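Structure first, then comments.
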Amino acid sequence: MKRPYQVTSIVVLCIAAFLAKGSLELRYYTPLGPGPGFFPLWLSILLAILAIAMFLQATFGKSEAMPKGFLAGRKGYLRIGAVVAALVAVIALMEPIGFCLVMLGFYLFLLSALGRQHLVVTGLIALAGSVGVYYVFVHWLKVALPIGLFGV
Amino acid sequence: METLPLLLKGFATALQPMNVLFALVGCLLGTLVGVLPGIGPSAATAILIPVTFILEPTPAIIMLAAIYYGAMYGGTITSVLINVPGEAASAVTCLEGYQMARQGRAGAALAIAAIGSFIGGNVAVAALVVVALPLSTLALRFGPPEFFALMLIGLTMVTGLAGRSLVRALMAAVFGLVIAMVGIDPVQGAPRFTFGSVALLDGFNIVPVVMGLFGVSEILLNVEAPERQIFETKVSTLVPTREDVRRSIAPILRGTGIGLFLGLVPGIGTMVPTFISYTVEKRASKTPEQFGTGMVEGLAGPETANNAYANGAMIPLFTLGIPASPTLAVLMGALMMNGLLPGPLLFQEHSDFVWAVIASFVVGNIVLLLLNLPLIPMWVAVLKIPYSILFAIILGFAVVGAYSVDTSVFGVGVMLAFGVLGYAFKKLDIPLAPFALTLILGPMMEKALRQSLEMSGGDLSVFYSRPLTATLLAVALIVLIVNTAPVFSKIKADTQV
């Protein structure tokens with residue numbers, strides 16, 4: 001686990017530097033007391049110290065063995081990719097196309113990507129998860145969901 | 001004595017048919033999500049917050065609290081039946097509960113767990129009733145410096161959630177504070193790290209953040225592995241033998257004490273009480289070598305401690321405004337979304353609400369005991385649903401939940417982003433609990449610190465010249481030393497090898 005922690009600590013150090021730069025643009029202290037930049041600056045310093053500590057631990061400390069399954073196989077990453085892609089599509093399309101159609105596609109895609117089910121089962125879940133959920137949330141729970149192209 | 005009329009009034013509200021119904025629905029939903037793999041009580045409570053949007057604050061919080069302790073019990077079912085803890089606190093239950101199930105005693109194991117949970121939970125509620133008013137009255141004397149010191153105690157407790165590395169736990173805690181900082185500055189109103197985005201001016205809402213961190217990340221971890229069919233165990237009769245009951249009495253009493261005491265300590269986490277209870281039972285046993293083979297003592301104690309802790313942890317939440325676990329942080333977020341700030345003022349300004357919710361804990365515990373045991377065959381049927389279907393359904397609900405918080409896809413984006421971050425954290429063994437706790441405590445702590453320094457004109461003596469502040473800061477220091485000492489002795493031991 002040496003390399004993953006070294007990489008993580010460098011990424012965290014970069015985040016700390018970015019935070020420090022951003023907080024220096026805010027007022028550190030005002031006549032009334034600490035300003036909006038006070039807390040972020042100290043947090044960025046703390047984060048940088050922790051990143052350095054992690055790097056030193058990973059480089060010079062006792063190395064932890066990489067746990068079994070740390071890296072997923074190709075199929076595992078494809079399934080993760082499918083979940084992320086489905087959610088990205090929801091974010092991009094839900095407001096222009098509408099909740100029902102997007103969620104129908106979301107369920108049809110995910111159910112076939114994560115493990116093939118019987119077509120009828122897939123269809124029923126997709127309908128319940130899209131049209132059914134829309135009906136329950138909009139009509140019963142009075143939670144607004146996006147209406148898109150075809151009025152649904 | 002002034003507590004009794006308030007509590008009775010609380011019961012009158014909690015026992016109204018609609019409130020009982022919401023407690024019932026909450027218990028069922030909570031148990032369902034506790035049973036489902038890949039979603040713990042934190043994400044479950046967060047996902048289901050939108051369901052309570054149309055409700056008044058009292059039934060909404062009654063339902064969310066019922067989801068919380070329902071999920072704690074649901075985790076027990078999977079631990080006993082399939083050796084998979086539905087949530088972290090049930091991990092210990094696997095050790096003896098699953099072995100009992102393999103011996104054909106799953107029903108007895110679940111019944112003992114339910115009875116122990118019922119006793120532990122109700123004793124903890126009784127403790128909450130007794131200490132609530134005195135503690136909140138004491139906390140009313142707190143000014144910003146005392147609140148800052150109190151929040152600092154909560155943050156130092158984070159070091160107790162360190163897991164295997166203090167550095168990684170602290171890093172998670174600081175990340176939580178950094179995320180909490182995004183948005184309008186709480187004192188002077190300046191935007192911070194919003195990158196010109198209007199959606200970020202209000203900061204990150206805790207609901208999609210928690211759904212991502214705990215729910216989506218868990219699903220990403222689960223879908224990595226090929227799909228597996230997991231349920232094989234048959235559930236026997238639910239009636240434990242007389243011998244089971246006799247052997248469970250002392251562990252249940254000890255578990256109640258352990259869970260309740262640790263519930264009072266903010267930030268200890270849900271796993272610690274169950275592990276301590278298991279260790280105590282093993283030490284108290286005349287046959288410790290048989291632990292791991294289905295000893296009912298090793299199930300009764302931790303299960304009781306788990307529920308006593310879950311209910312006992314409501315004491316610091318309601319009286320001081322300190323959430324002891326990520327799930328309680330979500331519950332606190334839900335309270336705040338309903339315009340209620342947990343802490344001493346809650347008992348002053350919303351007395352009817354808070355006592356109704358406290359009374360509902362007793363109602364919920366009874367509902368759990370009466371309803372869940374007969375429904376175990378239904379939960380078993382749920383476990384037979386393929387993971388791919390469950391994950392798709394959970395993700396679908398998460399999307400609806402994240403969207404409805406702000407009626408915007410921004411929430412879904414936040415959920416996804418924090419899901420990926422949570423996945424990376426879990427892979428790197430960076431604990432998520434400190435992140436969630438500091439996310440809630442951070443803004444309050446910053447506000448208290450800055451108000452304290454404004455009060456004193458920047459003079460730091462405000463933190464040690466006031467006896468109460470100095471005492472609380474001393475407690476924070478002691479907690480820090482107690483929690484970090486084992487880490488430093490481990491480093492010393494490692495360097496001597």
Side-chain angles (χ1 to χ4, degrees), chain A residues 4-5 8 12 15 19 22-23 26-27 29-30 32-36 38-40 43-44 46-47 50-51 53-54 57 61-62 64 67 69-70 72 75-77 79-80 82-84 86-88 90-91 94-95 103 106-107 110-111 114-115 117 121 125 129 133 137 141-146, chain B residues 50-51 53-54 164-165 167-168 170-171 174-175 177-178 181 185 187-188 190 192-193 216 219-220 223-227 386-389 391-393 395-397 399-400 403-404 407-409 412-413 415-416 419-420 423-424 427-430 446 449-458 494:
Chain A
Y5 284 127
T8 306
V12 173
I15 294 171
L19 271 177
S23 49
L26 298 162
R27 287 186 73 184
Y29 223 84
T30 68
L32 288 171
F38 179 87
F39 217 55
L43 285 181
S44 61
L46 200 55
L47 203 57
L50 289 168
M54 181 186 259
Q57 249 180 13
K62 208 164 70 176
E64 293 173 32
F70 181 80
K75 283 186 178 173
Y77 284 124
R79 277 192 291 267
I80 290 176
V83 172
V84 173
L87 287 172
V88 169
V90 165
I91 295 163
M94 192 147 84
E95 281 174 346
M103 290 312 281
F106 173 84
Y107 279 108
L110 265 192
L111 286 168
L114 296 183
Q117 309 300 330
V121 175
I125 293 170
V133 166
F137 272 78
L141 299 174
K142 308 288 177 204
V143 173
L145 291 172
Chain B
V51 176
F53 277 175
I54 52 159
R164 288 195 300 168
S165 164
V167 169
R168 296 201 286 266
L170 289 175
M171 198 176 263
V174 174
F175 264 115
L177 290 171
V178 167
M181 215 170 51
D185 152 43
V187 179
Q188 288 165 10
R192 293 189 299 199
F193 301 101
V216 175
I219 288 175
L220 293 178
V223 298
E224 252 186 25
E227 179 152 18
Y387 274 8
S388 55
I389 293 180
F391 291 149
I393 293 172
L395 276 172
F397 266 98
V399 166
V400 178
Y403 178 86
S404 32
T407 329
S408 151
V409 286
V412 186
M415 179 183 77
L416 175 60
V420 174
Y423 171 81
K427 280 283 178 185
L428 291 164
D429 196 21
I430 299 174
E446 183 186 0
L449 170 71
R450 290 171 62 183
Q451 283 177 339
S452 306
L453 289 172
E454 278 179 20
M455 263 169 60
S456 66
D494 284 350

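All of these numbers come straight from a predicted model, not from anything done at the bench. Residue numbers begin at 1 in each chain, while the letters A, B, ... track the order of the sequences.
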Looking at A/V133, A/V84, A/L46, which makes the most heavy-atom pairs under 4.5 Å with chain B? A/V84
Which atoms of B/M455 come close to chain A, meaning under 4.5 Å heavy atom to heavy atom: side chain ones, backbone ones, both, or neither? neither
Return the set of residues passing side chain to side chain donor-acceptor pair (under 3.5 Å) with B/S408 (not counting sequence neighbours), or none when no residue passes. none
Checking B/F175 against A/V12 for the side-chain contact (heavy atoms from CB on, under 4.5 Å) test, could you report, in this order, the C-alpha distance in whole Å, the side-chain angles of both residues, the deciding distance, and whether it holds? CA-CA 10 Å; B/F175 264 115; A/V12 173; 4.0 Å; yes
If one checks every heavy atom of B/M181 against chain A at 4.5 Å, the contacting part turns out to be side chain
Walk me through whether A/Y5 and B/R168 qualify under side-chain contact (heavy atoms from CB on, under 4.5 Å). CA-CA 10 Å; A/Y5 284 127; B/R168 296 201 286 266; 3.2 Å; yes
What part of B/V178 gets within 4.5 angstrom of chain A, counting heavy atoms only: side chain, backbone, both, or neither? both
Check the pair B/V409 / A/V90 against side-chain contact (heavy atoms from CB on, under 4.5 Å), numbers first and verdict last. CA-CA 8 Å; B/V409 286; A/V90 165; 5.7 Å; no
Set of side-chain contact (heavy atoms from CB on, under 4.5 Å) partners for A/A86, sequence neighbours left out: A/F106, A/F109, A/L110
A/V88 versus chain B, the contacting section by heavy-atom distance below 4.5 Å: both
Among B/L428, B/I430, B/V174, which residue has the highest count of heavy-atom pairs closer than 4.5 Å to chain A? B/L428
Rounded to the nearest 0.5 Å, how far does CD1 of A/I125 lie from CD1 of B/I393? 5.0 Å
Among A/E95, A/K75, A/M103, which residue has the highest count of heavy-atom pairs closer than 4.5 Å to chain B? A/E95
Closest heavy-atom pair, A/T30 versus B/Q188, reported as atoms and distance to 0.1 Å, is OG1-NE2, 3.2 Å
Taking atom OG1 of A/T8 and atom NZ of B/K427, what is their separation to the nearest 0.5 Å? 13.0 Å
Using a cut-off of 6.0 Å, state whether more than 12 heavy atoms not belonging to B/F397 lie near its atom CZ. no
Of all the heavy-atom pairs spanning A/P36 and B/R450, show the shortest one and how long it is. N-NH2, 3.5 Å
Ignoring hydrogens, what is the shortest heavy-atom contact between B/R192 and A/L26? Give both atom names and the distance. CG-CD1, 3.6 Å
Which value, rounded to the nearest 0.5 Å, describes the distance between B/I219 atom CD1 and A/R79 atom CZ? 14.0 Å
Residue pair B/F193 / A/P40: nearest heavy atoms and the distance that separates them: CE1-CB, 3.9 Å
Between A/V83 and B/F391, is there a side-chain heavy-atom distance shorter than 4.5 Å? no
Identify which of B/G396, B/S452, B/A190 forms the greatest number of heavy-atom pairs closer than 4.5 Å to chain A. B/G396
How close do A/L111 and B/A392 get, heavy atom to heavy atom, and via which atoms? CD2-CB, 3.8 Å
